[in-house]
Amino acid sequence: ELLVSRAGALPPEICGLVALGYPLVAVGDQREPDPSKRKQDRATVLRSLTADGPRVLFISSQKDPFLGGDDGAELQRTVRLMKARCELKLLPGRDHNPVTARTSEQIQAIVRGFVTG
């Protein structure tokens with residue numbers, strides 16, 4: 001996030017981003033359902049990525065408390081509003097970190113497909 005927000009653009013060598021459990025909602029704002037009332041809009045930096053920039057893969061748990069609830073609906077809306085080419089994979093679970101012993105092989109396959117596709 002800092003690389004994009006501080007530099008304004010990513011270096012041209014970066015052709016893809018993988019976000020595991022992107023914290024769309026800041027700590028302290030998880031119980032606020034209205035994004036306009038939150039202290040910080042973490043989707044802003046995502047919306048700044050351009051269509052000709054790197055592809056983005058989001059992998060999150062459906063019930064991640066940092067997604068704003070609603071089974072990832074807020075992250076899905078953010079992805080739809082982004083100009084960058086995006087893929088979103090929501091896995092079963094409620095942890096912020098989607099990588100668990102149960103999901104690690106599935107995540108490896110998803111990332112492998114993203115990198116080679």
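Bear in mind that the values here come from a model prediction, so they are computed numbers and not experimental data.
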*asked:* K89 vs F114, test: side-chain contact (heavy atoms from CB on, under 4.5 Å). Steps then yes/no.
replied: CA-CA 11 Å; K89 303 293 183 189; F114 178 75; over 6 Å; no

Quick check: is L81 connected to L57 through a chain of hydrophobic side chains (ILVMFWY, heavy atoms under 4.5 Å apart)?
no

Residues G16 and P54: closest non-hydrogen pair is N-CB, 3.5 Å

**Prompt:** If you group Ile, Leu, Val, Met, Phe, Trp and Tyr by side-chain heavy-atom gaps below 4.5 Å, do V111 and I14 land in one group?
**Reply:** no

When rounded to the nearest 0.5 Å, the distance separating CG of L46 from NZ of K83 is 11.5 Å

Of all heavy-atom pairs linking S61 and L90, the shortest is O-CD2, 4.3 Å

Rounded to the nearest 0.5 Å, the OG1 atom of T50 sits from the CE atom of M82 at a distance of 10.0 Å

| query | Do any N or O atoms from the side chain of R85 and from the backbone of G53 form a donor-acceptor pair under 3.5 angstrom? | reply | yes

Next on the checklist: Assess the residue pair L91 and I110 against the criterion (side-chain contact (heavy atoms from CB on, under 4.5 Å)); give the C-alpha distance rounded to whole Å, side-chain angles, the decisive distance to 0.1 Å, and a yes or no.
Outcome noted: CA-CA 11 Å; L91 306 177; I110 292 168; 4.2 Å; yes

CD of E105 to CZ of R102, rounded to nearest 0.5 Å, is 12.5 Å

TODO: In sequence, state the C-alpha distance, the side-chain angles, and the governing distance for K63 and D71, and then conclude on side-chain contact (heavy atoms from CB on, under 4.5 Å).
DONE: CA-CA 5 Å; K63 306 271 187 195; D71 293 331; 2.8 Å; yes

Taking every heavy atom of S104 against every heavy atom of A101, the minimum-distance pair comes out as OG-O, 3.7 Å

Closest heavy-atom pair, Y22 versus S60, reported as atoms and distance to 0.1 Å, is N-OG, 4.0 Å

So CG of L75 and CG of L88: to nearest 0.5 Å the spacing works out to 5.0 Å

| request: Evaluate the criterion side-chain contact (heavy atoms from CB on, under 4.5 Å) for residue pair L17 and L49; output intermediate values, then yes/no. | output: CA-CA 11 Å; L17 301 170; L49 296 171; 4.1 Å; yes

Note to self: Are V79 and V56 linked, directly or through intermediate hydrophobic residues, by side-chain heavy-atom contacts shorter than 4.5 Å (ILVMFWY only)?
What the structure shows: yes

**Asked** With the 4.5 Å side-chain cut-off for hydrophobic clustering, are V115 and V99 part of the same group?
**Response** yes

